[in-house]
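These numbers come from the heavy atoms of this one structure, side chains and all, not from hydrogens, waters or symmetry mates. Positions are given from 1, in the same order as the sequence printed here. These numbers come from a predicted model, not from an experiment.
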Amino acid sequence: QVRLVESGGGSVQSGGSLRLSCAASGYAYNSYSMGWFRQVPGKEREGVATVDREGNTAYADSVKGRFTISRDNAVNALYLQMNSLKPEDTAMYYCAAKRSPSRRWLGLRPYDYDYWGQGTQVTVSS
């Protein structure tokens, strides 16, 4: 079992930056592909970024060039660097883990993931 805890959210002005962290605990963390998702009230959860076991990444079109996902397997941590933030980035952000026998699995679909954190709020004002 993997337990995930997000941190680093907060309130920033448009154009600012935030770095989100996700601390993972449990066995076989390195056997999981990871992802960041976000959700606002009244809308479905959407995929933001994903990283596989080899460090390959994929992003939603809305954040390409602005967000960077990375992982540090030595300390069981996942990160999301968010630059050039826009008001439309305001959401609750969640990290997620997927059991992945493949080293190169990437996914932005919430239903593919097995474990979820509780979320951290990001608010971007104009």
Side-chain angles (χ1 to χ4, degrees):
Q1 182 178 344
V2 174
R3 180 173 177 265
L4 307 172
V5 180
E6 302 95 335
S7 63
S11 298
V12 298
Q13 292 185 340
S14 181
S17 297
L18 284 173
R19 183 175 176 86
L20 305 183
S21 298
C22 177
S25 62
Y27 291 102
Y29 172 80
N30 293 348
S31 296
Y32 291 82
S33 292
M34 305 295 294
W36 284 100
F37 297 79
R38 65 188 183 187
Q39 188 170 25
V40 298
K43 300 186 69 176
E44 294 184 342
R45 190 167 298 185
E46 63 175 347
V48 174
T50 179
V51 58
D52 68 14
R53 294 163 59 189
E54 294 186 339
N56 301 299
T57 60
Y59 299 88
D61 288 341
S62 60
V63 306
K64 286 181 180 177
R66 300 189 298 121
F67 291 10
T68 302
I69 187 173
S70 61
R71 66 191 298 166
D72 186 346
N73 291 336
V75 296
N76 291 352
L78 179 74
Y79 305 101
L80 184 68
Q81 179 67 46
M82 304 185 294
N83 299 324
S84 301
L85 283 163
K86 306 174 181 179
E88 50 262 45
D89 294 318
T90 296
M92 184 73 73
Y93 283 72
Y94 302 88
C95 64
K98 174 183 171 57
R99 302 184 189 95
S100 180
S102 172
R103 287 178 169 269
R104 301 178 181 179
W105 188 92
L106 295 169
L108 292 171
R109 298 169 294 184
Y111 50 80
D112 284 337
Y113 286 78
D114 302 299
Y115 300 100
W116 294 87
Q118 291 293 104
T120 185
Q121 179 68 40
V122 171
T123 302
V124 185
S125 60
S126 59

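Between Asp52 atom CG and Arg104 atom CZ the span is 8.0 Å, to the nearest 0.5 Å. Atoms OG and CG, on Ser70 and Leu78 in that order, are 7.0 Å from each other to the nearest 0.5 Å. Going from atom OG of Ser62 over to atom CG of Asp89 covers 7.0 Å, rounded to the nearest 0.5 Å. Note that the OG atom of Ser102 and the CD atom of Glu54 stand 8.0 Å from one another [nearest 0.5 Å]. Note that CE of Met92 is 9.0 Å distant from CD of Gln39, once rounded to the nearest 0.5 Å. The structure places CE of Met34 at 5.0 Å from CG of Leu4, a figure rounded to the nearest 0.5 Å.
Residues Glu46 and Arg38 have side chains in contact (heavy-atom distance under 4.5 Å, counting atoms from C-beta outward). Counting only heavy atoms from C-beta outward, the side chains of Thr57 and Phe67 never approach each other to under 4.5 Å.
Leu20 and Val12 end up in the same hydrophobic cluster when Ile, Leu, Val, Met, Phe, Trp and Tyr side chains are linked at under 4.5 Å. Taking hydrophobic clusters as Ile, Leu, Val, Met, Phe, Trp and Tyr residues chained together by side-chain heavy-atom distances below 4.5 Å, Leu18 shares a cluster with Val63. Hydrophobic cluster membership is shared by Met82 and Val48, with clusters built from Ile, Leu, Val, Met, Phe, Trp and Tyr side chains linked at under 4.5 angstrom. Linking Ile, Leu, Val, Met, Phe, Trp and Tyr residues whenever their side-chain heavy atoms come within less than 4.5 Å places Tyr115 and Tyr93 in a single cluster.
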task = Quick one: do Lys98 and Asp112 satisfy salt bridge (Lys or Arg N to Asp or Glu O under 4.0 Å)? Show the steps, please.
result = CA-CA 7 Å; Lys98 174 183 171 57; Asp112 284 337; 5.2 Å; no
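Within the structure, no pair that satisfies the salt bridge (Lys or Arg N to Asp or Glu O under 4.0 Å) test touches residues 1-21, not counting sequence neighbours.
The backbone N or O of Asn76 sits nowhere less than 3.5 Å from a side-chain atom of Asn73 that would complete a donor-acceptor pair. Distance alone, capped at 3.5 Å, places no donor-acceptor pair between the Tyr79 side chain and the Asp72 backbone. Using a distance-only test at 3.5 Å, with no hydrogens or angles considered, a donor-acceptor pair links the side chain of Tyr59 to the main chain of Ile69. A side-chain donor-acceptor contact under 3.5 Å links Thr90 to the backbone of Val124. Side chain of Gln121 to backbone of Ala91: a donor-acceptor contact under 3.5 angstrom is found. Judged by distance alone, with hydrogens and angles left aside, the side-chain atoms of Trp105 form no donor-acceptor pair with the main-chain N or O of Tyr32 at under 3.5 Å.
Taking the six-membered ring wherever Trp is involved, the centroid distance between the rings of Trp116 and Phe37 falls below 6.0 Å.
Scanning both residues, Ser126 and Ser14, for their nearest heavy atoms gives CA-CB, 4.2 Å. Of all non-hydrogen atoms in Val122 and Gly9, the two that sit nearest each other are CG2-CA, 4.2 Å. The minimum heavy-atom distance linking Gly107 with Tyr113 is given by the pair O-OH, 2.6 Å.
A 6.0 Å sphere centred on CD of Glu88 holds more than 12 heavy atoms belonging to other residues, nucleotides or ligands.
For Asn83 and Ser17, the side-chain atoms include at least one donor-acceptor pair closer than 3.5 Å.
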